[in-house]
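Some notes on the structure that comes next.
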Amino acid sequence: MDIQRPRGTRDFLFHEMSQRKQVENTLRRIFETYGYQEIKTPLFEDLALFTMKSGEGIMEQIYHFQDKGGRDLALRPELTAPVARLYINELQKKSKPIKMYYFGSCFRYERPQAGRWRQFWQLGCELIGGRSPESEAEIIALSAHCLEELGLEDFEIHIGNLGIIRGILNEAGVSRGEQDQIMATIDKGDVKELKDILETFRVDQNLKDVLITLVGMKGHREVIDKVSRIIDGNESALKALKELEELLGILEAFGFSNYIVNLGIARGLDYYSGTVSEIYVHGLGAQKQISGGGTYNLIELFGGETVESTGFAFGFDRLMEALKKQGITMPQSRTVDVFVAPISQEVKLQAFEIAQDLRKNGIKTDVDLVGRKLKRILSHADSLGARYVLLVGERDLKEGKITLKDMELGEQILVEIDQVTAHLIKLCPQ
RNA sequence: GCCGGGGUGGGGUAGUUGGUUAUCCUACGGGACUGUGGAUCCCGCGACUCGGGUUCGAAUCUCGGCCCCGGCCCCA
């Protein structure tokens, strides 16, 4: 029987896991620096949680099943909806704003390719009950802070506001359904397809030109002025633009000004309302987006009281890919600092006692458990990368001593048996 | 769901105009060496992705499945 890993899943071995854990810990630390608290939601949820907001079409990509009680359940394909659900179930009456973060795996039934797996991890946060654009600015600053801390370079943070284009479309009387299709097309970034669909919906030439110009708007602060001339007279669009401008100002106060204003960012889903942001790292193939975020009204959609909420999430696997691509590695700690080697089976109990004493003092220690010859033990200790080996042998024990060997320098000294732990505590970084 | 490229011991490979016991390196287990690693030598372990077809004979040709890599679609 040859059982294979399910398609689109991965096993993580020691080195990779260590790297992932360190990146995870770094991000957690920063999230907590901003006052976010961790939550954990179930791996599976009621299927309806994911279908009610985005329609049945989403079913194609969801791992769903019926349990033995006939309930329709789904492995979560993302974490924003579960967090919104958690908020409604547990936290509606808590003092606002509420800052939550999560780290967990999600599942989508899709064709695996570079940067896309069927089980993947998201690390993100949600800020509920804050205010635009202050909350959004803080979240974007937080995400930039994370990437800077990790040492990632050449990332681009794109920021847009869906209210601008929505405002234009509303005033032109384009129906909600058509708007959603237009937004979905903008999201794809295909200008030709956008033209085609605008043609199909018979929007007038002037409006068409305005839209095409707007989605192509990309740049720094100067974009604001250009856009304001284009949408002059449209109150709701101008209001959204004003909000975007304010956001940029706040973001700069938070210490991040290397953003790219990009009105071509959209969302296929209609519960995203105002600010949206995405982070790209080039050189990752088709999946260059490592993060996505924005302001949404999911909570209302689920029947909660109206409350502003915004969030973002890193595609953790893609972030790891980006770091790897740039040659950024986290410091690798030793598997063990000390290896205790009984020279003969007669002294193995003493070896175990010594090992345990070191461990109780916080020193990463391994000890031979398989009764190998000294030569093999040293070889094994070497392959583990142990810095020190304690050779426990009858000859030394008779004098109350143990040999301490430095595997890197190749030197060794005799240490009084009751001094060994104290000696190694000094040598090994805790 | 679609298109292209792949799949030989744990890792990396040779072999693919069909033909003896599938090559080499490395890793791993043991020994040479009963108190000294990263050196050498010896021994051992271990593979043709799966199934059907063609054939006297298939790792090799052919069809299909599975899986991997890249792209399309999609991307909450």
Side-chain angles (χ1 to χ4, degrees), chain A residues 1-11 13 45 49-62 74-84 106-118 120 122 124 183-185 187-190 193 266-272 276 278 284-289 292-294 296 298 301 311-313 315 318 339 341-347 351 368 370-398 401-412 414:
Chain A
M1 188 169 56
D2 178 26
I3 298 179
Q4 293 185 344
R5 213 187 315 127
R7 179 159 206 212
T9 63
R10 291 159 292 164
D11 292 315
L13 299 187
E45 295 269 3
L49 179 65
F50 304 111
T51 53
M52 66 188 288
K53 62 177 176 128
S54 34
E56 298 294 322
I58 218 71
M59 287 282 289
E60 293 296 311
Q61 290 161 34
I62 290 188
L75 297 184
R76 61 190 184 199
E78 47 100 16
L79 277 158
T80 301
V83 173
C106 301
F107 304 82
R108 295 185 195 177
Y109 191 86
E110 294 181 287
R111 179 78 168 78
Q113 55 180 286
R116 179 184 292 178
W117 294 275
R118 288 183 173 181
F120 58 97
Q122 286 194 341
M183 296 310 276
T185 309
D187 187 31
K188 286 188 200 174
D190 187 334
E193 198 180 326
R267 283 290 138 87
L269 298 171
D270 60 3
Y271 58 81
Y272 278 95
V276 284
E278 298 185 345
L284 291 182
Q287 322 295 335
K288 61 179 180 176
Q289 188 184 335
Y296 54 87
L298 204 50
L301 208 69
F312 94 103
R318 290 183 187 174
F339 201 103
I343 289 167
S344 64
Q345 287 302 291
E346 284 69 39
V347 297
D368 178 68
V370 294
R372 277 196 279 219
K373 289 184 185 173
L374 181 59
K375 190 181 173 81
R376 296 287 171 192
I377 296 174
L378 284 167
S379 172
H380 181 60
D382 181 49
S383 77
L384 287 179
R387 176 70 199 264
Y388 302 101
V389 171
L390 281 174
L391 291 91
V392 183
E394 290 179 90
R395 208 189 290 158
D396 298 339
L397 286 175
K398 274 184 197 144
K401 291 179 177 167
I402 290 177
T403 298
L404 170 63
K405 182 179 176 76
D406 182 321
M407 295 292 276
E408 279 170 25
L409 301 176
E411 297 165 352
Q412 59 189 51
L414 277 171

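Under the rule for a salt bridge (Lys or Arg N to Asp or Glu O under 4.0 Å), A:E346 has no partner lying at least two apart in sequence or in another chain. Take A:E394 and apply the salt bridge (Lys or Arg N to Asp or Glu O under 4.0 Å) test, not counting sequence neighbours, and it matches no residue.
Applying the 4.0 Å criterion to OP1 and OP2 of B:A76, one finds that A:R76 has every side-chain N and O outside that range.
The residue among A:T403 and A:R7 whose nearest nucleotide of RNA chain B is located toward the 5' end is A:T403. Toward the 5' end of RNA chain B, the nearer of the two residues A:E278 and A:G8, judged by each one's closest nucleotide, is A:G8.
Residue A:K405 is classed as a base contact, given a heavy-atom separation below 4.0 Å to a base. Among the heavy atoms of the strands, none lies under 4.0 Å from A:A381. Within 4.0 Å of A:Q289, counting heavy atoms only, lies no atom of the nucleic acid at all. Note on A:S344: nothing from the nucleic acid sits closer than 4.0 angstrom, heavy atoms only.
A salt bridge between A:E411 and A:K405 is absent, with no side-chain N of the basic residue lying under 4.0 Å from a carboxylate O of the acidic one. A salt bridge is absent between A:E110 and A:R7: the closest approach of a Lys/Arg side-chain nitrogen to an acidic carboxylate oxygen does not fall below 4.0 angstrom. Between A:D11 and A:R5, at least one side-chain N (NZ, or NE/NH1/NH2) sits under 4.0 Å from a carboxylate O, which counts as a salt bridge.
If you take atom P in B:G37 and the same atom in B:G31, they sit 14 Å apart, rounded to whole Å. Rounded to the nearest Å, the gap between the P atom of B:G18 and that of B:C2 is 32 Å.
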Scoring nucleotides 38-46 of chain B by protein non-hydrogen atoms under 4.0 Å (B base, S sugar-phosphate only, - none) yields BB-------

So which protein nitrogen or oxygen atoms get under 3.5 Å of nucleotides 10-12 of chain B's nitrogens or oxygens?
none

Each nucleotide N or O in nucleotides 3-8 of chain B that has a protein N or O under 3.5 Å away: list the pair and distance.
| from | atom 1 | to | atom 2 | distance (Å) |
| --- | --- | --- | --- | --- |
| B:C3 | N4 | A:R111 | NH2 | 3.2 |

Taking Watson-Crick and G-U wobble contacts under 3.5 angstrom, with | marking pairs to another strand and [ ] crossing pairs, the secondary structure of RNA chain B is written (((((((..(((......[....))).(((((.......)))))....(((((..]....))))))))))))....

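Neither side chain, A:Q61 nor A:R108, offers a donor N or O lying under 3.5 Å from an acceptor on the other.
Scanning atom types as modelled, no donor and acceptor separated by under 3.5 angstrom connect the side chain of A:R267 and the base of B:A76.
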